[in-house]
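Beneath this line is the structure, given in structure tokens, with notes to follow.
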Amino acid sequence: MADTDYKSTLNLPDTPFPMRGDLAKREPAWIAQWRERKLYERIRQHSAGRPKFILHDGPPYANNDIHVGHAVNKILKDIVVKSKTLAGFDAPYVPGWDCHGLPIEHMIEKKHGRNLEPNKARQLCRDYASEQIERQKADFQRLGILGDWDNPYKTMNFQTEADEIRALGKVWKQGLLYRGLKPVNWCIDCHSALAEAEVEYEDKNSTAIDVGYRVVDAVALTRIFAVADTRTPAFAVIWTTTPWTLPGSQAVSVHPEFTYALVDTPRGCLILAADLVEACLKRYELTGTVLATAPGKALDRLALQHPFYSRQVPIICGDHVTAEATGLVHTAPAHGAEDFDAGKAYDLPLDQPVGDDGRYISSVELFAGVNVRDADKPILALLEQNGVLIKSAPLRHSYPHCWRHKTPIIFRATTQWFIGMDRKGIGAKTLRESARQAIADTTFYPSWGRARLSAMIEGRPDWTLSRQRNWGVPLTFFLHKETNEPHPDTEALVEAAARKVEQGGIEAWFAAGAEDFGVDGSVYRKLTDTVDVWFDSGTTHFSVLRRLANGHHEQGHPADLYLEGSDQHRGWFQSSLLTGCAMDGRAPYKALLTHGFTVDGQGRKMSKSLGNVIAPQKVSDTLGAEIIRLWVGSTDYSGELSISDEILKRVVESYRRIRNTLRFLLANTADFDPAKDLLPPDQWLEIDRYALAMTRQMADACQADYERFEFHFVSQKLQAFCSEDLGGFYLDILKDRLYTCGKSSKPRRAAQSALHHITQVLLRLMAPILSFTAEEAWATLHPGAEESIFFHTWTDVLPAQPDESAMCAKWSRIREIRAAIQKRLEALRTAGGIGSSLQGEVIITANQADAALLRSLGADLRFVTITSSATVKEGATLEVEAVASAHPKCARCWHYRADVGSHAEHPHICGRCVDNLDPAGAGESRQHA
RNA sequence: UGUCGGAUAGCUCAGCGGGAGAGCACCCGGUUGAUAACCGGGAGGUCACGCGUUCAAAUCGCGUUCCGACGACCA
């Protein structure tokens, strides 16, 4: 036989599983196949009857295409659901969408104008939301997210709208809902009140002004300050950054405990907080002398002249006044929460000078029709003209903005519906108290989420629930036209409204008249307000989770997990908590998991102007969705998630390693039929059993990582396992046995048995993250079958071995010694002594224990070291001698052996190859490696 | 301005009181029977900075800087 012919006698790897994934091109076909074969439904069937794990989807808002943040969120959810499925749970996933609310209504207004007939507007909103949902849905599915995509929940489904009305009824029944007049966050562009969750702080340029309110009663002033006379007019000086609130000014507040000074200046006598006199005078560029001081409470009710109206306003006392600026605060009850409270205490008029559109109403002298945004200039001019503008200066400060419009909001007193935080509800506890308890009963991943949510609940004001908009679920109440009291049959009427909405959607409520509910329309009026859209998603635990087996879904309540970005502590986590506590006295979730936001490689936010935006659609189309999945799965999401082209490139490299390891496993078990060829571990070689032990430990650790939702540890472990334990050790050593031993020989079948188990475990462990690849490999293992990795669990795969820990200890030491050997061989190689390590022979000197360890491997030691000969000597310290073999190279197994040529029939191969080639013989015998 | 979180190799991340690590990238070499793969070796970090506690600190404490989240600054 010629040298080259021996190659055909080897068992070389063979598999259709390609080395390159070609992911971007092939993934869509997988997704199509999953849909056709109804993979999600079939997983449901396979997991029927198992304990449930309910991840309740936080609904993304049905507007705009998805960005990386969406991708991160959905992929994390998908990893959770899939890992729970593999862990032996029945873990359904029903994606949802948040459909009502201003942003959509605004889009429609932009497109079709503001004066649409309300029902027409609602129809357009509905259609628009549906379109957006379809776009987002396609992108989510493209990421490999498995779920009930044909039956998602939408907050605009009639059923869901109706159930939200029922939820509202429940909150009302608990006595937590009330109607009240008070200043709320108001967005001029929205024409609507905003909830806390819709307000964000941004820097704004304002004009900060110091305004003098002339003291009307000079006699009273001299009495208060115990001075003889103030020859000049006296002014109480206030400082404000919102000149537009001055038309609403009804008082000037001082702190009762502060000391105030009467300061004689060229501008007249100024009343300022004593501690701030110096700073103020400097700011005003004035000189002055303090004539006298008096406590704030002595100024109480001193009459002042409004800076440009004829009315007089009093000085009042309030603890909200701080020792800043002048120490006096102008007070407009319609424009601030504290002002409102102070106004209430002093029975001040609650005039509302600003209308819905942000313009002063017609009764406002001098400024009727002026938008508050344009009011600074005329007001300043007027103050100047009246000689009461003491100072004005631009100021850049942080100011509340509408989170949708990014425009500054105003405070404006309006009549709204609120959910009271401190009203007694279930169990005679206030909502705040229930929420506090519910937070204590919730598990947080990571743990600091608890402190964050608590702090928010402690500090938050009542929930402003009503909106004066069209595209939202209505507050289905009837109020008495004179008393504004709700109808006595409110509970029944809410249910009647819910039924109507169940049939015809929210449109049905708006279309109906009071008489349609048997209510006397001459006495009661039907509300047309809608609820804050946060109430929609905040009640999905009721409208979606509670709807057991009624719709397409059978879900559970409370949910096991809510998983959202950290912004949802003030959003969905909180709105759901409050409605849960209001309705059930508990949170609708058992645990909360939160992830950070996505930033670029330098830690900067993604923005179009920076050009650092990474679109998930683009990554899917170039590198493949699998790469985004692996990126998510290998990032610590508790902080920020960095993504950039370079980072993605690294992820691709890391993916290749795992994929190729898989390919090797598949290629070397292609001829292996576990039904016929699988050997039990006690018939394996020692190193195979060690490989099994390693795999088991790795699997245990990964499963624990999944359990704690720490997926990046899983990715890290899989990567390290493939590289170090398999590629760099076990598989490298195994090649000789797999290739050169008889195809069906016991040593080879033992190796394949181990590889079979490793493959099974590896695929299960990677499947939640690398779903496309795991399914592709699974299909390779089960050609033509209606199979899926997700029909299986990872709980019962690996046989346990009794001596695992001893075995691992032993082989760890062997690997350490092996590293020393490789170092020595490398030196020999660099010196030109050898090329391949098989060209080398090693003599290992080791202490007694190590020597015993190595000798226990017998003749198989040379296979572990991948040399042609390895012998052991006992000595004091570990030393390795490596030399080039003097023997000829076996043409078949490439080992350099003395017995090459000793068989006449096979003059170019070694003894064991001769044995392995003998069809009648037993083949070579191996015990250890 | 407050609270919390983070700062370890080019990248992603471990380590959390006693040797500074892994994977990927990089350099060198081997192999050509995992081959647009695989194996070996190497280089690369004053573990943000400073001060403390300790026999010993990346690891504990305090402070500083930077980054981030969340509050507040609404009058």
Side-chain angles (χ1 to χ4, degrees), chain A residues 6-7 10-13 15 19-20 183 185 199 201 238-242 245 249 252-253 318 320-322 324-325 328-333 335-340 342 397-400 409-411 446 448-449 451-453 455-456 459 566-567 569-570 594 596-597 599 601-605 631 634-636 638-640 642 644 646-657 659-661 663-668 712-713 715-724 727-729 731-732 735-736 738-740 819 822-823 825-827 829-830 834-839 866 892-894:
Chain A
Y6 286 106
K7 184 167 174 178
L10 297 170
N11 314 296
L12 293 177
T15 178
M19 182 152 69
R20 303 188 65 208
N185 299 310
V199 173
Y201 287 79
I238 62 98
W239 180 82
T240 180
T241 57
T242 51
T245 58
S249 188
V252 167
S253 295
H320 64 280
V321 178
T322 54
E324 290 163 293
L328 293 90
V329 183
H330 114 81
T331 298
H335 296 309
E338 285 160 340
D339 297 42
F340 179 81
H397 62 153
S398 158
Y399 187 85
I409 62 156
I410 60 175
F411 274 87
W448 45 258
R452 177 164 302 177
L453 193 55
M456 289 184 167
S566 56
D567 58 332
H569 282 97
R570 74 163 179 180
T594 195
F597 279 82
V599 297
Q602 277 80 52
R604 299 172 306 186
K605 285 183 181 166
W631 167 67
S634 54
T635 305
D636 176 6
S638 67
E640 298 175 318
S642 304
S644 65
E646 196 206 340
I647 290 168
L648 285 172
K649 209 173 120 194
R650 294 289 98 83
V651 175
V652 170
E653 301 292 346
S654 148
Y655 172 76
R656 287 212 187 115
R657 168 48 118 165
R659 183 175 180 97
N660 272 309
T661 304
R663 178 173 139 92
F664 183 90
L665 293 171
L666 296 175
N668 281 289
H712 69 290
F713 288 149
S715 303
Q716 236 172 279
K717 285 186 178 97
L718 289 177
Q719 179 80 33
F721 182 70
C722 288
S723 294
E724 290 191 88
F729 179 71
L731 299 184
D732 203 24
K735 283 183 210 167
D736 177 85
L738 288 166
Y739 298 168
T740 67
Q822 282 172 326
K823 212 162 247 185
L825 284 169
E826 184 64 25
R829 183 178 292 131
T830 309
I834 56 168
S836 130
S837 69
L838 279 178
Q839 213 178 329
I866 317 189
R892 185 167 177 277
C893 73
W894 294 346

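Note that the structure is a prediction, hence the values are computed from the model and not measured. In what follows, chains carry the letters A, B, and so on, assigned in the order in which the sequence lines appear, proteins first and then strands, with residues in each chain numbered from 1.
- In this entry the distance linking CH2 of A:Trp631 with P of B:C13 reads 9 Å, nearest Å.
- In this structure, A:Phe597 atom CZ and B:G68 atom C1' are separated by 11 Å, rounded to whole Å.
- Proximity of A:Arg657 to the phosphate of B:C38: a side-chain N or O atom is located under 4.0 Å from OP1 or OP2.
- Pairing of B:U53, defined by two Watson-Crick or G-U wobble distances under 3.5 Å, is not identified with any nucleotide.
- Here the separation of B:A22 from B:G5, taken at their C1' atoms, is 25 Å to the nearest Å.
- Residue A:Lys823 has a polar side-chain atom (N or O) positioned under 4.0 Å from OP1 or OP2 of B:G42.
- Across the protein-nucleic acid pair, A:Gln716 atom CD and B:U12 atom P stand 12 Å apart, rounded to whole Å.
- Rounded to a whole Å, the CG atom of A:Asp732 is 8 Å from the C1' atom of B:C38.
- Under 4.0 angstrom from either OP1 or OP2 of B:U35 there lies at least one side-chain N or O belonging to A:Arg663.
- Of the charged side-chain nitrogens involved, at least one lies within less than 4.0 Å of a carboxylate oxygen, so that A:Glu826 and A:Arg829 count as a salt-bridged pair.
- Of the candidate nucleotides B:A37, B:G5, B:A22, B:A22 has the atom lying nearest to any side-chain atom of A:Ala720.
- Contact between the side-chain N/O atoms of A:Ser723 and the OP1/OP2 oxygens of B:C24 is found at a separation under 4.0 Å.
- Residue A:His712 has no polar side-chain atom (N or O) positioned under 4.0 Å from OP1 or OP2 of B:U12.
- Using Watson-Crick or G-U wobble geometry with both donor-acceptor distances under 3.5 Å, B:U35 finds no partner in any strand shown.
- Looking at A:Met19 and A:Arg659, their side chains never come closer than 4.5 Å, going by heavy atoms from C-beta outward.
- Taking atom C1' on both B:A37 and B:C24, the two are 16 Å apart, rounded to the nearest angstrom.
- Ion pairing between A:Glu646 and A:Lys649 fails under the 4.0 Å rule for side-chain N and carboxylate O.
- Separating the CZ atom of A:Phe340 from the P atom of B:C74 is a distance of 20 Å, rounded to the nearest angstrom.
- One finds a side-chain N or O of A:Tyr739 lying less than 4.0 angstrom from the OP1 or OP2 phosphate oxygen of B:A34.
- To the nearest angstrom, P of B:C38 lies 17 Å from CG of A:Leu738.
- In this structure, A:Lys735 pairs ionically with A:Asp732, as a charged nitrogen and a carboxylate oxygen lie closer than 4.0 Å.
- Both distances falling under 3.5 Å, in either a Watson-Crick or a G-U wobble arrangement, place B:G40 opposite B:C28.
- When the P atom of B:A34 is taken as reference, atom CZ of A:Arg656 falls 19 Å away, rounded to whole Å.
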